[in-house]
K.L.:
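One structure, pasted below without further comment.
Position 1 is the first residue of the sequence, and the numbers go up from there.
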Amino acid sequence: MSQAIVIGISDYKLAKGPEVLVTYALGSCVGVCLYDKVTKLGGLSHIMLPDSTNFSNKDINRKKFADTAIVDLVDEMKRAGCGNNRIVAKIAGGAQMFEVQPGSKLGAIGERNILCVKQVLSQLRIPILAEDTGLNFGRTQYFDLATGVMKIQSLNRRIEEF
């Protein structure tokens with residue numbers, strides 16, 4: 001097996017099976033795995049924030065936001081040969097990592113990330129086949145493009161497969 005391709009925060013990568021994609025340190029961030037089982041093409045996006053429209057700078061990193069990163073990754077997948085109706089998703093992350101004041105927007109960033117990811121995927125008609133989201137712990141997300149299996153590893157927890 002080749003070495004895993006690492007996706008950093010506010011980034012995504014597209015690859016083909018038998019490659020494995022991995023992203024570390026998903027706290028309030030959400031990892032979005034997109035996959036076409038026919039071509040075995042897939043991508044993993046490490047989303048940091050929900051919505052780019054709150055930022056006035058036109059030179060934003062589009063890979064940072066759910067509303068832009070997912071759309072861009074889907075476009076790249078289609079250009080690489082993925083079928084319109086074959087792309088499926090698996091998501092993880094969106095934890096609340098710190099105690100904050102009730103009602104704080106900062107404290108709800110994980111929840112807001114999850115909601116925005118789901119909204120964008122719904123608008124693109126991409127079904128979510130599995131998710132491991134919320135709660136209060138970080139995750140490492142592995143995505144095996146040979147099989148489409150997402151594995152989640154967390155401190156002091158057993159590895160989960162989706």
Side-chain angles (χ1 to χ4, degrees), residues 7-15 21-39 41-98 100-143 145 148-152 154 160-162:
I7 292 82
I9 297 170
S10 301
D11 197 9
Y12 65 71
K13 298 243 172 41
L14 177 66
L21 304 175
V22 61
T23 194
Y24 301 100
L26 286 172
S28 60
C29 295
V30 174
V32 179
C33 300
L34 298 177
Y35 190 63
D36 177 346
K37 70 179 179 181
V38 172
T39 62
L41 280 166
L44 176 54
S45 179
H46 187 129
I47 293 180
M48 184 177 179
L49 295 171
D51 185 5
S52 65
T53 60
N54 293 325
F55 295 82
S56 59
N57 184 354
K58 297 300 178 199
D59 294 325
I60 61 166
N61 174 2
R62 290 179 57 86
K63 295 178 180 181
K64 182 183 285 189
F65 303 95
D67 67 325
T68 51
I70 296 170
V71 170
D72 292 352
L73 180 54
V74 167
D75 286 346
E76 280 192 39
M77 290 178 70
K78 288 178 180 177
R79 284 193 302 272
C82 293
N84 276 347
N85 57 352
R86 294 193 312 248
I87 298 173
V88 296
K90 296 180 180 183
I91 65 174
Q96 181 171 327
M97 299 300 292
F98 307 103
V100 294
Q101 292 278 3
S104 166
K105 279 189 137 183
L106 180 62
I109 190 68
E111 182 180 327
R112 288 174 43 226
N113 281 339
I114 294 166
L115 291 173
C116 193
V117 163
K118 288 180 175 182
Q119 180 181 27
V120 172
L121 290 170
S122 175
Q123 289 169 350
L124 295 171
R125 294 188 168 89
I126 296 174
I128 299 172
L129 301 184
E131 71 176 284
D132 183 19
T133 58
L135 302 174
N136 62 351
F137 57 88
R139 296 162 170 92
T140 294
Q141 182 180 38
Y142 297 89
F143 190 35
L145 297 177
V149 171
M150 173 181 78
K151 293 183 183 178
I152 303 298
S154 300
E160 298 282 345
E161 289 191 11
F162 300 88

K.L.:
Does Leu124 have any side chain to side chain contact (heavy atoms under 4.5 Å, CB included) partners at least two apart in sequence or in another chain, and if so, which?
P.N.:
Ile70, Val71, Val74, Val120, Ile126
K.L.:
Considering residues at least two apart in sequence or located in another chain, which fulfil the salt bridge (charged side-chain N to carboxylate O under 4.0 Å, His left out) criterion with Lys64?
P.N.:
none
K.L.:
Under the side-chain hydrogen bond (donor to acceptor under 3.5 Å, both in side chains) rule, collect the residues that match up with Thr23, sequence neighbours excluded.
P.N.:
His46
K.L.:
I'd like to check the side-chain hydrogen bond (donor to acceptor under 3.5 Å, both in side chains) partners of Lys63; sequence neighbours left out, ordered by chain and number.
P.N.:
Asp11
K.L.:
Search all heavy atoms of Val117 against all heavy atoms of Ala66 and return the closest pair with its distance.
P.N.:
CG2-CB, 3.9 Å
K.L.:
Let me confirm one number: the CD1-CD distance from Ile152 to Glu161, rounded to the nearest 0.5 Å.
P.N.:
10.5 Å
K.L.:
Under the rule for side-chain hydrogen bond (donor to acceptor under 3.5 Å, both in side chains), what residues qualify as partners of Tyr12, not counting sequence neighbours?
P.N.:
Glu76
K.L.:
Does any N or O in the side chain of Lys37 come within less than 3.5 Å of the main-chain N or O of Val88, such that one atom is a donor and the other an acceptor?
P.N.:
no
K.L.:
So, using side-chain hydrogen bond (donor to acceptor under 3.5 Å, both in side chains) as the criterion, who are the partners of Asp72 when residues are at least two apart?
P.N.:
Arg62
K.L.:
What are the two closest non-hydrogen atoms of Lys90 and Val149, and how far apart are they?
P.N.:
NZ-CA, 4.1 Å
K.L.:
Going by side chain to side chain contact (heavy atoms under 4.5 Å, CB included), name the residues that satisfy it together with Asp36, two or more places apart in sequence or in a different chain.
P.N.:
Val38, Thr39, Cys82, Arg86
K.L.:
Among residues two or more places apart or on two chains, list those pairs meeting salt bridge (Lys or Arg N to Asp or Glu O under 4.0 Å) that have a residue in residues 119-143.
P.N.:
Lys118-Glu131, Asp132-Arg139
K.L.:
Taking all heavy atoms of Leu34 and all of Ala89, pick out the closest pair and write down the distance.
P.N.:
CD2-CB, 3.7 Å
K.L.:
Side chain to side chain contact (heavy atoms under 4.5 Å, CB included) with Val22: which residues, sequence neighbours excluded?
P.N.:
Ala4, Val6, Tyr24, Thr140, Tyr142
K.L.:
Roughly how far, to the nearest 0.5 Å, is the CD1 atom of Ile128 from the OG atom of Ser122?
P.N.:
8.0 Å
K.L.:
Using every non-hydrogen atom in the two residues, find where Ala130 and Phe162 come nearest and quote the distance to one decimal.
P.N.:
CB-CB, 3.6 Å
K.L.:
Which distance, rounded to the nearest 0.5 Å, do you find between the CG of Leu14 and the CG of Asp75?
P.N.:
11.5 Å
K.L.:
Can you tell me how far the CD atom of Gln141 sits from the CG atom of Leu44, to the nearest 0.5 Å?
P.N.:
5.0 Å
K.L.:
Can you name the residues that form a side chain to side chain contact (heavy atoms under 4.5 Å, CB included) with Ser52, not counting sequence neighbours?
P.N.:
Ile60, Phe65, Asp67, Thr68
K.L.:
Nearest 0.5 Å please: distance from the CD1 atom of Ile91 over to the CG atom of Leu26.
P.N.:
11.0 Å
K.L.:
List the steps, then state whether side-chain contact (heavy atoms from CB on, under 4.5 Å) holds for Glu111 with Gln96.
P.N.:
CA-CA 8 Å; Glu111 182 180 327; Gln96 181 171 327; 6.0 Å; no
K.L.:
For Asp51, check salt bridge (charged side-chain N to carboxylate O under 4.0 Å, His left out) against everything at least two apart and list the hits.
P.N.:
none
K.L.:
Drop me the distance from Ser45's OG to Leu21's CG, to the nearest 0.5 angstrom.
P.N.:
11.0 Å
K.L.:
For residues Ala92 and Met150, report the shortest heavy-atom separation together with the two atoms involved.
P.N.:
CB-SD, 4.3 Å
K.L.:
Is the shortest heavy-atom distance from the side chain of Pro50 to the side chain of Asn113 under 4.5 Å?
P.N.:
yes
K.L.:
Filter on salt bridge (Lys or Arg N to Asp or Glu O under 4.0 Å), then keep only pairs touching residues 21-31, sequence neighbours left out; what's left?
P.N.:
none
